[in-house]
Amino acid sequence: MRRFIEKIVENILRLSGAVTTIIILLMVVFLFKEGFGLFNNPVVERGHVLCVNASNKIAYLNSKEIKLIFDGEIENWNKLGGEDMAIEIFRFNEIFSRYSEEEFGNDYEKLPEKLGEVISSTPGIIAFIPGQYMPSSMPKVKALADEKIGGADFFGGKEWIPTSVPSPQFGVLPLVLGTLLVSFIAILIALPLGLGVAVYLSELAKDRVRKILKPAVELLAGIPSVVYGFFGLVVLVPLVQRALNLPVGETAFTGSLVLAIMALPTIITVAEDAMRSTPSAMREASLALGATHWQTIYRVIIPYASSGISAAVILGIGRAVGETMAVLMVTGNAAVMPTSLFAPIRTIPAAIAAELGEAPVGGAHYQALFMLGCILFIITLVMSIASELISKRDPGKGV
Amino acid sequence: MRKFLLATLAILMAVSALYAQKVKGSDTVLPLSQQEAESFTKANKNANVTVTGGGSGVGISALLEGTTDIAQSSRKIKFEEKQKLQEKGDKVVEKIIAYDALAVIVHPSNPVSKLTREQMEDIFTGKTTNWKEVGGPDMKIIPYSRETSSGTYEFFKEHVLKNKNYVNGIMSMPATGAIVQSISQTKGAIGYIGLAYLDKKIKAVEVSFDQGKTYTAPSVKSAMDETYPIVRPLIYYYVEKSESTVKPFVDYVFSAAGQKIVKDIGFIPISK
């Protein structure tokens with residue numbers, strides 16, 4: 001009987017291991033499958049076409065040109081290589097103000113005809129209409145050629161305006177650079193501080209102090225990130241703004257400060273553990289040779305613990321790269337190419353968190369956000385592999 | 001053990017058998033729906049209304065998938081969304097439950113107190129970048145916006161920016177509260193919020209939609225008599241075939257008690 005129960009428990013454990021692994025693998029597959037779906041999307045919003053009058057020489061517009069036209073920045077066809085003719089923008093909904101509801105017939109069967117009338121009668125028109133109502137039988141209407149969203153547009157694009165109609169702009173460069181910038185600066189701030197505290201805790205602090213301080217530091221890791229974000233927004237943002245006399249306090253630097261505070265517990269805990277695991281034989285040997293306490297620390301203990309310290313740094317970066325809520329609240333979320341540390345930026349996790357709610361399921365925006373998730377996944381994967389490799393290195397190699 | 005399982009199962013079934021309905025969508029409408037649901041369930045003991053937020057788009061796509069009974073929205077349903085519902089054979093019912101006025105706000109120390117629609121368009125699309133261009137001090141303009149998941153974002157884009165895109169890299173905040181907080185501590189800031197969120201930390205500007213002939217300050221009164229131009233409807237959408245389920249709740253929202261809640265929260269009741 002007992003053997004039997006043991007067997008069952010064993011199998012349950014094995015099964016749970018297998019199930020977890022499979023679920024994780026499936027999630028990764030799902031992430032990439034959804035993400036790469038993006039490149040099957042046309043440049044113009046799916047299900048829609050851009051139509052011009054057939055007399056127009058233009059046959060193709062790229063995503064950027066479409067955006068500039070519909071923003072009113074390009075106002076004449078001759079700027080795009082066409083004739084000297086003013087561009088007239090026509091959005092689908094305008095049809096409902098030109099004709100009354102009855103004229104479309106039941107079930108909108110006359111809608112294509114009416115759209116055709118408008119397009120044929122306006123030479124300079126560019127009309128953005130649903131594909132199903134495209135008046136394809138009319139000779140004076142021409143649909144612009146449509147391309148799929150390309151990898152170069154996505155990975156090299158400098159504009160992230162996913163809600164731009166009719167042609168959303170999915171350039172991830174500002175988001176990727178923003179994420180890396182904020183994380184990098186955060187680590188620059190957190191590293192010296194964290195190492196200092198770790199050295200103090202493991203070598204200098206009295207037992208009583210350590211007993212209070214260590215749990216206190218670990219408690220920092222337990223504070224929800226929204227609380228950090230709120231603290232950042234209410235305290236750090238005005239502080240940074242006033243101290244540096246900036247027009248606006250929500251900057252990459254503020255985000256880095258918050259992230260640095262959040263990465264500290266990880267760095268301190270891991271680095272301190274590594275230092276404390278230095279064998280006392282090493283310490284005592286160093287002291288016996290006449291080295292001072294300080295010499296022992298930085299000639300013996302830190303080199304001995306260097307692999308653990310590097311792991312701490314990488315784990316800290318990993319925490320910073322993936323952090324969402326706190327950054328969302330303090331960096332201003334402006335999707336611009338980061339030009340200065342003291343200007344607003346937007347990070348990948350913040351973009352996903354803020355936009356996934358509105359993105360229509362299965363649409364290009366939705367898939368672009370998944371693609372962002374893939375990029376984030378790859379960044380953190382590289383980080384964890386690196387930290388794994390480093391911490392596997394022989395301890396004591398650096399001594 | 002088995003008894004315990006049976007008991008749980010029985011309880012679960014009893015709960016789901018209770019008359020329940022789900023409301024989902026716009027965060028702007030969220031506080032209103034919550035209040036309405038609370039007093040509705042107080043009046044009808046065996047009714048159960050669950051209200052969740054997430055953004056207008058979330059609510060409407062939930063309605064498309066059939067995972068909510070009512071979609072609360074701060075924008076009109078899009079033509080494409082309506083088409084999708086029709087393809088499924090559903091007819092969508094639209095009920096305007098209240099109106100909300102959007103106030104354009106600046107830092108209280110900012111001397112600019114009047115803006116035309118054209119000026120606001122230029123500010124939010126990035127053509128105007130300094131306050132001195134609209135009669136203020138020499139100071140950089142920092143426009144704030146809501147996130148793309150908000151109906152407020154789209155309404156403002158359609159109504160004030162005439163469908164143009166916001167300036168690339170506009171500061172976008174996750175919630176209205178965050179906009180108020182940021183604008184109250186940033187001298188050159190400008191943003192837009194629902195009327196209900198106005199307070200002393202920020203200043204609302206008077207706006208004009210007729211090239212500067214008349215300017216109107218946002219208030220419940222000016223929104224009700226239609227002199228204030230930036231007013232949007234708050235809407236409940238449901239599909240026709242679930243009308244009988246949602247009717248009692250929707251009717252309650254339209255009742256005198258329901259419309260009083262609308263006013264208490266700071267929206268504009270429909271009974272003008």
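Here the structure is a predicted model, which is why all the values come from computation and not from measurement. Naming convention: chains lettered A, B, ... in sequence-line order (proteins, then strands); numbering from 1 in each chain.
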Interatomic distance, OH@B:Tyr166 vs CD1@A:Ile161, rounded to 0.5 Å, equals 12.0 Å

| query | Do other residues, nucleotides or ligands put more than 12 heavy atoms under 6.0 Å from the NZ atom of A:Lys110? | reply | no

So CG of B:Asn165 and NZ of A:Lys67: to nearest 0.5 Å the spacing works out to 5.5 Å

For a 4.5 angstrom cut-off between non-hydrogen side-chain atoms, does B:Met139 reach A:Pro247?
no

If one checks every heavy atom of B:Ser182 against chain A at 4.5 Å, the contacting part turns out to be both

When you measure from the side chain of A:Asn333 to the backbone of B:Met173, do you find a donor-acceptor pair of N or O atoms at a distance under 3.5 Å?
no

In terms of heavy-atom pairs under 4.5 Å with chain B, the winner among A:His48, A:Arg91, A:Arg242 is A:Arg91

Okay, A:Glu250 and chain B: the region with an atom under 4.5 Å from a heavy atom over there is both

Looking only at A:Pro344, A:Gly249, A:Ser164, A:Ala350, most heavy-atom pairs under 4.5 Å shared with chain B are made by A:Ser164

**OP:** Look at the side chain of B:Gln185 and the backbone N and O of A:Leu233, then say whether any donor-acceptor pair between them is shorter than 3.5 Å.
**Re:** yes

_Is it the case that over 12 heavy atoms from other parts of the model lie below 6.0 angstrom from the NZ atom of B:Lys140?_
no

Honestly, the part of B:Ile170 sitting under 4.5 Å from a heavy atom of chain A is backbone

Distance col, row A:Thr331:OG1 vs B:Met171:CE, nearest 0.5 angstrom, shows 8.0 Å

- prompt: Is the number of heavy atoms from other residues, nucleotides or ligands within 6.0 Å of NZ (B:Lys187) greater than 12?
  reply: no

Cut-off 4.5 Å, heavy atoms of chain B, and the answer for A:Phe230 is neither

Over 12 non-hydrogen atoms of neighbours within 6.0 angstrom of NZ in A:Lys79:
yes

Rounded to the nearest 0.5 Å, the CD atom of A:Glu73 sits from the OG1 atom of B:Thr125 at a distance of 7.5 Å

